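These notes concern the structure reproduced below.
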Amino acid sequence: MDRHSLDKSKIKVLLLEGIHENAVRCFKENGYSDIECYKEALSDKILEEKLLKAHIIGIRSRTEIRSNLLIKTPRLIAIGCFSIGTNQVDLHDAKMMGIPVFNAPFSNTRSVAELVIAECIMLMRGIPEKSIQARNKIWMKSSCNAVEVRGKTLGIIGYGHIGSQVSILAESLGMRIVYYDIEKKLSLGNAKHVATLEDLLKIADTVTIHVPSTELTRNMISANQIAIMRKGACLINASRGDVVDYKAVADGLRSKQLAGVAADVFPKEPVATGEPFVSELQEFDNVILTPHIGGNTLEAQANIGIEVADKLVKYSDTGSTIGAVNFVEIALQPNLSKQRFLHIHKNVPGVMREINNFFSLRNINIAAEYLQTDPEIGYVIIETESELDPSVIQDLRNIPHTIRVRTLF
Ligand code: NAI
């Protein structure tokens with residue numbers, strides 16, 4: 001067994017909450033063998049016990065890793081949130097303890113985009129009402145309020161990952177695309193940027209929202225915006241629940257200003273599957289309500305498994321922090337011929353001098369040095385030309401303001 005795989009066999013990986021088997025495969029294919037998996041979240045007590053020994057933990061949304069737990073994780077080098085969100089982890093505290101946190105922000109982008117396209121067609125054909133009536137044994141064969149999406153205008157608010165995917169799919173159906181975004185974006189295909197939200201609302205037959213929840217986006221679609229929309233337009237929200245004022249949407253449906261609405265996200269969402277759910281939109285037949293499943297597909301889960309495990313393996317193998325949500329980013333390839341030192345420290349003057357002294361005092365030539373800082377921490381990766389006995393690493397740890405040190409071979 002070479003030194004590399006020997007080291008990896010000592011790294012304990014703990015995967016909770018039924019993380020997709022792709023993640024396990026990714027660790028195994030990269031030489032990790034100590035992988036402990038659980039289908040459920042662990043109780044606080046067991047989690048604390050397991051985290052005393054774990055080097056890498058993978059969680060989904062039910063496991064919370066707060067600062068009181070982080071201080072009891074002496075060996076933890078990285079956290080993988082196998083989810084889009086990362087608010088189940090105290091990100092800042094993790095950073096200050098030298099623990100990067102990784103997630104999978106784009107694994108379900110396509111899943112959301114596909115649902116939006118399906119809903120756009122369903123709403124513009126008036127399918128939700130017709131389906132309900134058919135279930136109620138009423139035959140509503142009519143082309144009234146049923147239009148093709150071809151040639152119609154789709155207004156996309158937020159032209160990021162999801163918005164731009166929706167744009168591509170909708171254009172392939174023959175729709176005209178207009179989008180509004182606060183950032184300058186590259187228009188895909190024939191999509192047209194509009195300068196203001198009002199410009200978009202005035203001309204779109206269907207409006208779909210793909211912005212994050214921020215102070216600027218809270219209730220960005222409310223009574224005033226609905227009043228500007230074309231009479232009989234449709235509205236789709238698969239972004240965040242607080243972006244749309246659903247009371248105003250209900251009024252818009254009552255007055256027929258809105259012909260149909262699809263909502264996947266709500267200001268108050270039940271925590272667990274099977275819990276009761278209440279929304280002011282439940283009384284309307286021309287509404288599609290879904291329980292925040294825009295991104296929930298088998299493909300998205302599989303992609304999340306690969307995406308996060310791959311980032312964790314890269315960090316563990318090379319020190320690369322690309323894709324970390326709470327950490328300075330350094331991208332590095334594996335380097336098998338040299339010794340690599342990873343030093344995470346508080347960003348205060350003098351630490352780099354001390355680190356460089358550590359190597360020069362031992363006559364070790366530095367082959368490469370990669371440093372990234374933010375106002376609070378510095379992360380430096382040092383490659384040396386000759387090997388250093390790992391036993392001296394304690395001296396590197398003793399440098400004042402050091403947070404964490406690792407060596408890679
Ligand atoms: P993204 O960050 O790639 O794109 C968001 C876009 O919104 C960016 O281009 C940004 O510049 C723009 N934006 C931000 N503030 C804006 C404002 N005030 N006005 C106009 N544009 C603004 O995000 P992504 O991945 O496309 O996700 C979009 C939304 O979808 C997020 O809210 C996310 O939480 C939600 N989402 C929902 C899922 C579901 O299951 N329904 C699954 C995944 C994401």
Side-chain angles (χ1 to χ4, degrees), residues 60-61 81-88 102-120 122 154-170 177-188 191-202 204 207-222 224-225 228 235-246 261-271 273 277 279 281 287-304 307-308 323 325:
R60 293 176 67 189
S61 53
C81 293
F82 286 74
S83 55
I84 310 299
T86 50
N87 49 12
Q88 64 273 46
F102 299 92
N103 68 337
F106 316 124
S107 295
N108 61 7
T109 298
R110 186 70 177 201
S111 305
V112 181
E114 283 191 13
L115 180 70
V116 167
I117 293 296
E119 289 178 335
C120 177
M122 290 291 179
L154 179 66
I156 302 174
I157 305 173
Y159 203 67
H161 291 92
I162 298 173
S164 56
Q165 283 289 315
V166 170
S167 172
I168 292 168
L169 293 174
I177 313 299
V178 290
Y179 72 89
Y180 167 69
D181 199 296
I182 43 166
E183 301 287 342
K184 185 101 187 97
K185 296 281 169 170
L186 174 70
S187 305
L188 300 177
K192 286 196 176 56
H193 167 255
V194 290
T196 66
L197 179 59
E198 288 70 27
D199 290 344
L200 179 143
L201 297 172
K202 276 184 209 157
V207 172
T208 183
I209 309 162
H210 301 290
V211 293
S213 167
T214 66
E215 291 205 352
L216 274 182
T217 62
R218 197 151 305 132
N219 284 335
M220 81 187 291
I221 298 295
S222 191
N224 289 343
Q225 290 71 32
I228 298 173
L235 177 70
I236 301 172
N237 183 21
S239 62
R240 281 292 176 261
D242 59 1
V243 170
V244 171
D245 173 359
Y246 285 122
V261 171
D264 186 45
V265 286
F266 304 89
K268 276 196 191 142
E269 295 179 3
V271 179
T273 299
F277 158 66
S279 160
L281 302 185
V287 164
I288 301 173
L289 297 178
T290 45
H292 203 148
I293 40 78
N296 287 42
T297 59
L298 296 179
E299 287 84 354
Q301 285 309 314
N303 291 343
I304 287 172
E307 188 178 334
V308 182
V325 291

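Nothing here was measured: the structure is a model prediction, and the numbers come from that model. Numbering of ligands and ligand atoms starts at 1, following listing order.
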Within a distance under 4.0 Å of any heavy atom of [X], pick out the atoms of ligand 1 and give their elements.
X	answer
Tyr180	19 (N), 20 (C)
His292	39 (C), 40 (O), 41 (N)
Gly295	39 (C), 40 (O)
Glu183	11 (O)

So, [X] side chain and [Y] main chain: donor-acceptor pair closer than 3.5 Å or not?
X	Y	value
Asp264	Ile293	yes
Gln165	Ile162	no
Asn103	Ile84	yes
Asn108	Ala300	no
Asn219	Val243	no
Gln88	Arg60	yes

Min N/O separation [X] to ligand 1 under 3.5 Å:
X	answer
Asn108	no
Asp264	yes
His161	yes
Arg240	yes

- Thr217 side chain near Ile157 side chain, heavy-atom distance below 4.5 Å: no

- Item | Within reach of ligand 1, part of Tyr159 (heavy-atom separation under 4.0 Å) | backbone

- Under a 4.0 Å heavy-atom limit, does Val112 contact ligand 1 with its side chain, its backbone, both, or neither? side chain

Starting from [atom], what is the nearest protein heavy atom, named by residue and atom, and what distance separates them?
atom	answer
atom 35 (C) of ligand 1	Ser239 O, 3.5 Å
atom 5 (C) of ligand 1	His210 O, 3.4 Å
atom 4 (O) of ligand 1	Gly160 CA, 3.2 Å
atom 37 (C) of ligand 1	Ala238 O, 3.2 Å
atom 18 (N) of ligand 1	Thr217 CG2, 3.4 Å
atom 26 (O) of ligand 1	Ile162 N, 2.8 Å
atom 9 (O) of ligand 1	Asp181 OD2, 2.6 Å
atom 14 (C) of ligand 1	Pro212 CD, 3.4 Å

Please verify whether a non-hydrogen atom of [X] lies at under 4.0 Å from ligand 1.
X	result
Val211	yes
Thr109	no
Thr214	no

- Under the 4.0 Å line, does any protein heavy atom show up next to atom 7 (O) of ligand 1? yes

- atom 40 (O) of ligand 1 touched by protein heavy atom at under 4.0 Å: yes

- Met220 atom CE, neighbour heavy-atom count above 12 within 6.0 Å: yes

- Do His193 and Tyr180 have ring centres separated by under 6.0 Å? no

- Task: Carefully, step by step, assess Ser107 and Glu307 under the rule side chain to side chain donor-acceptor pair (under 3.5 Å).
- Result: CA-CA 7 Å; Ser107 295; Glu307 188 178 334; 2.4 Å; yes

- Query: What pair of heavy atoms forms the shortest contact from Leu154 to Ala170, and how long is it?
  - Reply: CD2-CB, 3.6 Å

- Task: Enter the distance from Asn237:CG to Phe266:CZ here, rounded to the nearest 0.5 Å.
- Result: 8.5 Å

- Message: I need the Glu119 CD to Leu235 CG distance, nearest 0.5 Å.
- Response: 10.5 Å

- Please determine, by modelled atom types, if Tyr179 and Ser187 share a side-chain donor-acceptor pair under 3.5 angstrom. yes

- Which of these, Val243, Ile182, Val265, has its nearest heavy atom closest to atom 16 (C) of ligand 1? Ile182

